[in-house]
> 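Let me begin by handing over the structure; questions about it come next.
Residue numbering restarts at 1 for every chain, and letters A, B, ... go by the order of the sequence lines.
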Amino acid sequence: MGKYYVTTPIYYPSDKLHVGHAYTTTAADALARFHKLLGDEVYFLTGSDEHGQKIQRIAASKGIQPKEYVDRIVATFQDLWRRLDIQYDDFIRTTEPRHQRAVQAIFKRLLDQGDIYKSKYEGWYCEPCEAFWLERQLEDGKCPDCHRPVQWVEEESYFLRLSAYQDRLLQHIQAHPEFIQPESRRNEMIRFIEAGLNDLSVSRTTFDWGIPVPGDEKHVVYVWIDALSNYITALGYASADDHLYRKFWPADLHLVGKEIVRFHTIIWPIILMALGLPLPKQVFGHGWLLFDAEKMSKSRGNVVDPVALIEEFGPDPLRYFLLREVVFGQDGNFSREALIHRTNADLANDLGNLLYRSASMLERYRDGRVPAPGPASARDRELMGLVGEVKRETIACMERLEPHNALASIWRLIGRANKYIDEEAPWALQRQGQQERLDTVLYNLVEVLRNVAILVWPFIPRTGQAIWQRLGLPGEILQQGLAAVKWGLYPPGGAVTRGEPLFPRIEEKENQEKGEPYVTMDQAVFEKPAAAAGTAPGATATVPVAGAAPEGAAAPSPSAEPAPDGAPLPQITIDEFARLDLRLATIEEAEAIPKADKLLRLQVRMGPERRQIVAGIARHYRPEELVGRQIVVVANLKPARLRGVESQGMLLAASTPDGEQLAILGPDKPLPAGCKVK
RNA sequence: GGCGGCGUAGCUCAGUUGGUCAGAGCAUGCGGUUCAUACCCGCAGUGUCGUUGGUUCGAAUCCAACCGCCGCUACCA
């Protein structure tokens with residue numbers, strides 16, 4: 001019996017939440033509830049990360065204040081959690097004064113002690129290449145890539161000294177194998193750190209929807225310190241009342257999606273080390289839910305709305321599916337068919353029907369009154385023993401963060417009880433007048449169900465409580481605790497009511513669709529970190545920790561680091577623009593390049609000339625759909641070899657900062673290939 | 001390209017340190033039962049354990065190569 005502090009990421013209110021968010025939060029809720037049953041003092045935190053340029057932009061586009069916008073969206077978050085029966089202890093919003101004050105205190109302290117320093121994001125910048133270079137990397141003072149002139153760029157930013165803590169962090173990770181889980185994520189992080197950490201830009205001047213940097217209000221605190229620190233600011237760290245902090249920190253578990261493991265196992269621990277605070281005991285990166293693209297979306301908005309699912313199926317079928325179907329830590333598939341199948345097979349047939357048939361016999365044979373049991377047979381004792389065994393297994397599984405296995409174990413007991421009915425055949429006992437044996441069997445069934453109700457409650461609380469009430473038991477399961485999972489506690493004489501089936505069977509569709517390509521849902525947290533991680537450009541000899549600005553407002557580290565998409569560039573003259581030879585071209589052939597997941601080889605016609613161009617658009621276009629299209633090509637770009645394939649020019653395309661969406665540019669009506677673009 | 005991992009019944013996957021390890025669930029087929037939501041219970045499978053070579057008395061389990069897939073990273077004109 002101890003304390004248990006579990007957190008989810010704080011979600012970004014740029015849009016409604018999808019099933020992926022519900023997955024994380026449901027798992028955290030199940031863990032929190034389970035530890036409550038264990039008798040731990042539990043604190044379960046979730047919340048919202050509400051600052052950043054993206055929010056500012058969305059609000060502006062709607063003509064409202066950012067705060068007004070996030071208030072609206074966050075209300076939908078909280079509504080979803082209510083519908084899912086998420087029992088959190090606190091919901092932290094980064095726009096709350098309690099959080100802002102604490103973040104400023106944290107920032108100031110790190111600044112005062114030198115872990116944060118003000119510097120410039122500066123370097124030699126090659127516009128065409130959108131790349132930063134170190135002095136020594138330049139060739140003849142020019143871009144080593146394209147040999148064009150570079151320019152000196154600088155912008156002010158605050159930096160956190162990740163580099164200073166790299167060794168300590170590595171030692172901690174190596175000394176605590178449980179710190180990062182699953183194992184594969186841990187290994188990835190170790191390798192990442194070993195490659196070397198760059199100091200991290202932790203402020204922005206390019207937008208102002210954020211917490212001002214104390215003493216330098218041109219800057220706002222960027223997402224890293226703003227969002228990650230919620231795990232302690234919510235507990236009152238650095239405030240007048242920090243009793244929760246003292247009681248619950250360090251966290252027992254930060255539950256996160258695998259795409260943000262890096263931020264939670266590198267940046268966050270280093271912030272804590274710099275503050276002299278203990279590190280969380282464990283960061284667990286669970287897998288993603290993959291969606292059937294075809295079923296779920298017509299175009300790209302493949303969002304599965306959890307509210308709609310809950311309205312259709314109820315919270316418990318969704319919770320059960322999420323926790324049972326997917327191996328925690330690995331990716332899993334979500335589909336409507338699978339959800340329906342799980343609900344029918346496990347919930348309706350096995351569990352729901354067990355209650356229904358048991359209650360039915362009690363009503364029929366004993367007027368709904370639970371009789372006192374007679375002497376136990378060998379089979380009875382086996383059933384009793386299984387309760388204890390399943391209880392032990394369930395506890396062990398939950399300690400290992402394997403809710404899917406915990407549920408599988410509980411269902412062993414349910415299955416055994418169904419079989420027990422068959423073996424004992426109460427209807428035969430009734431016919432034969434074996435009343436004492438019938439009493440015993442009926443009592444045993446009730447007793448299994450009572451134990452199951454408790455065991456199942458952390459996962460599907462509404463169902464657990466419903467069974468409890470059907471069995472005529474008073475009070476709340478929460479008050480029972482796992483101590484009540486023990487044979488023989490049902491008081492004979494109780495009144496059981498059959499009622500309606502717990503889970504009506506859902507019509508399964510005849511036409512089962514084959515496995516269409518699945519699309520990964522981005523479990524956006526902290527301003528789309530998944531995309532950030534994927535696109536973080538590393539300078540030649542450096543490895544940025546999280547250099548990419550998820551929302552396109554990056555201030556990279558002081559050394560060489562390419563500019564991310566969306567960063568404002570210095571002005572140029574019309575003459576400089578005129579140096580670009582942009583041409584219209586017609587795609588005549590297109591094919592994938594082997595072993596290059598993003599590259600396509602295009603043969604394009606530009607007037608009399610035909611060229612080969614390599615383009616990084618394979619994730620967005622199929623070769624066959626490109627043939628015949630007209631595109632814009634930078635015709636005077638120095639040729640380069642990509643994956644050994646020569647590219648004689650560059651195709652123009654627009655893409656979102658996260659790289660998830662990309663569109664090729666072309667003329668809005670056909671023109672002869674080779675036309676000049678200006 | 002670098003690093004890491006994975007490829008086991010139709011599907012999803014278990015298989016510690018090599019010797020009942022060839023398994024579970026789902027799906028399928030057959031049988032039973034009637035308390036029950038066409039439910040529940042029983043039985044039956046099928047598998048060259050990715051491929052090819054090694055080590056060994058013996059390998060799904062160790063080694064090598066190859067094929068395919070995935071993750072991180074890089075690249076992404």
Side-chain angles (χ1 to χ4, degrees), chain A residues 128-129 145-146 182-192 194-195 258-259 261-262 285 287 324-327 330-333 338 341-342 344-365 404-405 408 411-412 414-430 438 441-442 445 498 500-506 512 515 533-538 540 543 593 595-600 602 611-619 633-635 637-653 655 659 662:
Chain A
C129 299
D145 249 16
C146 67
E183 197 69 18
S184 56
R185 301 291 150 205
R186 175 171 183 265
N187 293 335
E188 286 172 6
M189 291 308 110
I190 290 174
R191 269 178 262 125
F192 188 87
E194 284 172 345
K258 65 182 184 180
E259 75 284 355
V261 167
R262 197 159 97 196
R324 171 68 242 254
E325 182 81 1
V326 181
V327 176
Q330 294 177 217
D331 291 352
N333 287 328
H341 187 257
R342 272 292 175 197
N344 281 343
D346 295 2
L347 296 178
N349 295 350
D350 292 348
L351 176 57
N353 192 44
L354 175 63
L355 173 67
Y356 194 74
R357 67 197 297 209
S358 302
S360 188
M361 287 186 280
L362 268 154
E363 289 195 345
R364 181 185 296 208
Y365 304 140
H404 57 289
N405 283 334
W411 253 253
R412 276 179 58 210
I414 293 168
R416 188 66 190 82
N418 272 321
K419 183 173 175 176
Y420 179 80
I421 294 177
D422 255 54
E423 290 167 340
E424 296 295 338
W427 49 93
L429 297 175
Q430 168 73 4
L438 181 57
V441 169
L442 293 176
L445 288 172
R498 184 176 72 172
E500 290 303 305
L502 241 35
F503 302 94
R505 283 181 60 83
I506 304 161
Q512 269 210 349
T535 56
T540 313
V543 180
I593 293 176
K595 299 203 172 186
D597 50 358
K598 297 178 188 168
L599 301 184
L600 292 182
L602 308 175
R611 288 197 190 190
Q612 171 169 294
I613 285 178
V614 177
I617 55 173
R619 291 224 172 130
V633 168
V634 183
L637 194 58
K638 183 188 172 196
R641 295 190 78 81
L642 287 164
R643 285 295 167 96
V645 180
E646 174 151 22
S647 182
Q648 303 156 322
M650 165 178 159
L651 156 165
L652 297 189
S655 61
L662 180 145

> Could you give the CG-to-P distance, from A:Leu429 to B:U33, as a whole number of Å?
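In whole Å, B:U33 P lies 16 Å from A:Leu429 CG.
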> With heavy atoms under 4.0 Å as the rule, sort A:Leu502 into base, sugar-phosphate or nothing.
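If one applies the 4.0 Å heavy-atom cut-off, A:Leu502 turns out to touch a base.
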> Does a side-chain N or O from A:Arg505 land closer than 4.0 Å to OP1 or OP2 of B:C39, or not?
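A:Arg505 to B:C39 OP1/OP2: side-chain N or O found under 4.0 Å.
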> Does a sphere of radius 6.0 Å around CD in A:Glu500 hold more than 12 heavy atoms from other residues, nucleotides or ligands, not counting ones at 6.0 Å or beyond?
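Result for CD/A:Glu500: open.
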> So A:Pro426, base contact, sugar-phosphate only, or nothing? Heavy-atom distance under 4.0 Å.
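The residue A:Pro426 makes no contact with any strand.
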> Measuring only the C1' atom in each nucleotide, how far is B:C30 from B:U48? A whole number of Å is fine.
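B:C30 and B:U48 have their C1' atoms separated by 28 Å.
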> Determine the Euclidean distance between corresponding C1' atoms of B:U17 and B:U61; express it in Å to zero decimal places.
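Looking at atom C1' only, B:U61 and B:U17 are 10 Å apart.
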> Where do A:Arg185 and A:Glu188 land on the salt bridge (charged side-chain N to carboxylate O under 4.0 Å, His left out) test, with the steps shown first?
CA-CA 5 Å; A:Arg185 301 291 150 205; A:Glu188 286 172 6; 3.1 Å; yes
> Which heavy-atom pair separates A:Leu502 from A:Gly352 by the least distance, and what is that distance?
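Looks like CB-CA, 4.3 Å.
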> Using a 4.0 Å heavy-atom cut-off, write out nucleotides 3-11 of chain B from 5' to 3' as B (base contacted by protein), S (sugar-phosphate only) or - (no contact).
BS-------
> Rounded to the nearest angstrom, tell me the gap between atom OH in A:Tyr356 and atom C1' in B:A36.
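Between C1' of B:A36 and OH of A:Tyr356: 8 Å.
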> Test A:Asn187 against A:Glu183 for side chain to side chain contact (heavy atoms under 4.5 Å, CB included), laying out the working first.
CA-CA 6 Å; A:Asn187 293 335; A:Glu183 197 69 18; 4.1 Å; yes
> Look only at the side chain of A:Glu325 and the backbone of A:Ala338, and say whether a donor-acceptor pair between them is shorter than 3.5 Å.
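Answer holds: no.
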> With nearest nucleotides of RNA chain B determined for A:Asn418 and A:Met189 from heavy-atom distances, which residue corresponds to the more 5′ nucleotide?
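On the 5' side of the pair lies A:Asn418.
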> So A:Phe503, base contact, sugar-phosphate only, or nothing? Heavy-atom distance under 4.0 Å.
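Base: the residue A:Phe503, judged by heavy atoms under 4.0 Å, touches a nucleobase.
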> How close or far is atom C1' of B:A36 from atom CD of A:Glu424, stated in whole angstroms?
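Distance, rounded to whole Å: 17 Å.
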> Would you say A:Lys258 places a side-chain N or O within less than 4.0 Å of OP1 or OP2 belonging to B:G71?
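Looking at the OP1 and OP2 atoms of B:G71, neither is under 4.0 Å from any side-chain N or O of A:Lys258.
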> So does A:Ile506 get a backbone contact from the side chain of A:Asn344, meaning a donor-acceptor N/O pair under 3.5 Å?
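Side chain of A:Asn344 to backbone of A:Ile506, a donor-acceptor pair under 3.5 Å: yes, one is there.
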> In whole Å, measure the gap between the C1' atoms of B:C69 and B:A36 for me.
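My reading of the C1' atoms in B:C69 and B:A36 gives 45 Å.
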> Roughly how far apart, to the nearest Å, are B:G5 and B:A65 at atom P?
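Those two atoms are separated by 14 Å.
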> Heavy atoms only: give me the nearest A:Leu651-A:Ile613 pair and the separation to one decimal.
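Nearest pair, atom of A:Leu651 first, then A:Ile613: N-CG2, 4.4 Å.
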> Sticking with atom P, work out how far B:G50 lies from B:C13, rounded to a whole angstrom.
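One P to the other, the span is 15 Å.
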> Identify which nucleotide among B:U37, B:C35, B:A14 has an atom closest to any side-chain atom of A:Met361, counting heavy atoms from C-beta outward.
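Nearest to the side-chain atoms of A:Met361, counting from C-beta on, is B:C35.
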> Please tell me which of the listed nucleotides, B:A36, B:C41, B:U37, lies nearest to the side chain of A:Arg357?
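The answer is B:A36.
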> Between B:C72 atom C1' and A:Glu183 atom CD, what is the distance in whole Å?
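Interatomic distance, CD of A:Glu183 to C1' of B:C72: 15 Å.
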> Could you state the CD-P distance from A:Glu325 to B:C26, rounded to the nearest angstrom?
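Computing the A:Glu325:CD to B:C26:P distance gives 13 Å.
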> Looking only at heavy atoms, which two atoms of A:Leu347 and A:Phe503 are closest? And how far apart?
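Here A:Leu347 and A:Phe503 meet closest at O-CD1, 3.5 Å.
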> At under 4.0 Å between heavy atoms, what does A:Gly332 touch on the DNA or RNA strands: base, sugar-phosphate, or nothing?
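Nothing, no nucleic acid heavy atom in range.
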> Are the side chains of A:Met361 and A:Leu438 in contact, using a 4.5 Å heavy-atom criterion?
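Sidechains of A:Met361 and A:Leu438: no contact.
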> Mind checking A:Asp350 for me? I need base, sugar-phosphate or nothing, with any heavy atom below 4.0 Å counting as a touch.
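If one applies the 4.0 Å heavy-atom cut-off, A:Asp350 turns out to touch the sugar-phosphate alone, with no base involved.
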> Of A:Leu651 and A:Gly352, whose nearest nucleotide on RNA chain B comes first from the 5' end?
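Its nearest nucleotide lies further toward 5', so the answer is A:Gly352.
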> Heavy atoms under 4.0 Å, any strand shown: does A:Ser360 hit a base, just sugar-phosphate, or nothing?
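Sugar-phosphate contact only - A:Ser360 comes under 4.0 Å of backbone atoms but never of a base.
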> So, does A:Asn333 get its side chain near the phosphate of B:U12, meaning an N or O under 4.0 Å from OP1 or OP2?
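No.
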> Rounding to a whole Å, what distance do you find between A:Leu354:CG and B:C41:P?
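Those two atoms, CG and P, are 10 Å apart.
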> Starting at atom CG of A:Leu355, determine the distance to atom P of B:C39, rounded to an integer number of angstrom.
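After rounding, the reported distance stands at 18 Å.
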> Take the protein atom CD1 of A:Ile421 and the nucleotide atom P of B:G42, then report the distance between them rounded to whole Å.
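Computing the A:Ile421:CD1 to B:G42:P distance gives 13 Å.
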> As a test of reading the structure: which of B:G71, B:U37, B:U34 is closest to the side chain of A:Arg185, going by heavy atoms?
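That would be B:G71.
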> Between B:C40 and B:G23, how many Å separate the two P atoms, rounded to a whole number?
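Rounded to whole Å, the distance is 26 Å.
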> Could you check which of B:U37, B:C41, B:A77 has an atom nearest any side-chain atom of A:Asn353?
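The nucleotide sitting nearest to the side chain is B:U37.
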> Can you check the distance between B:U52 and B:U12, where both ends of the measurement are the C1' atom (answer in whole Å)?
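Pairwise C1' distance, B:U52 against B:U12, rounds to 29 Å.
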> Take atom C1' in B:G18 and the same atom in B:A60, then report the distance between them in whole Å.
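Comparing C1' positions in B:G18 and B:A60 gives a spacing of 10 Å.
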> Taking only N/O atoms, report every protein-nucleotides 27-31 of chain B pair under 3.5 Å with atom names and distance.
from	atom 1	to	atom 2	distance (Å)
B:A27	OP1	A:His341	NE2	3.4

> Which heavy atom of A:Gly287 sits nearest a heavy atom of A:Asp331, and at what distance?
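Closest approach of A:Gly287 to A:Asp331: CA-OD1, 3.4 Å.
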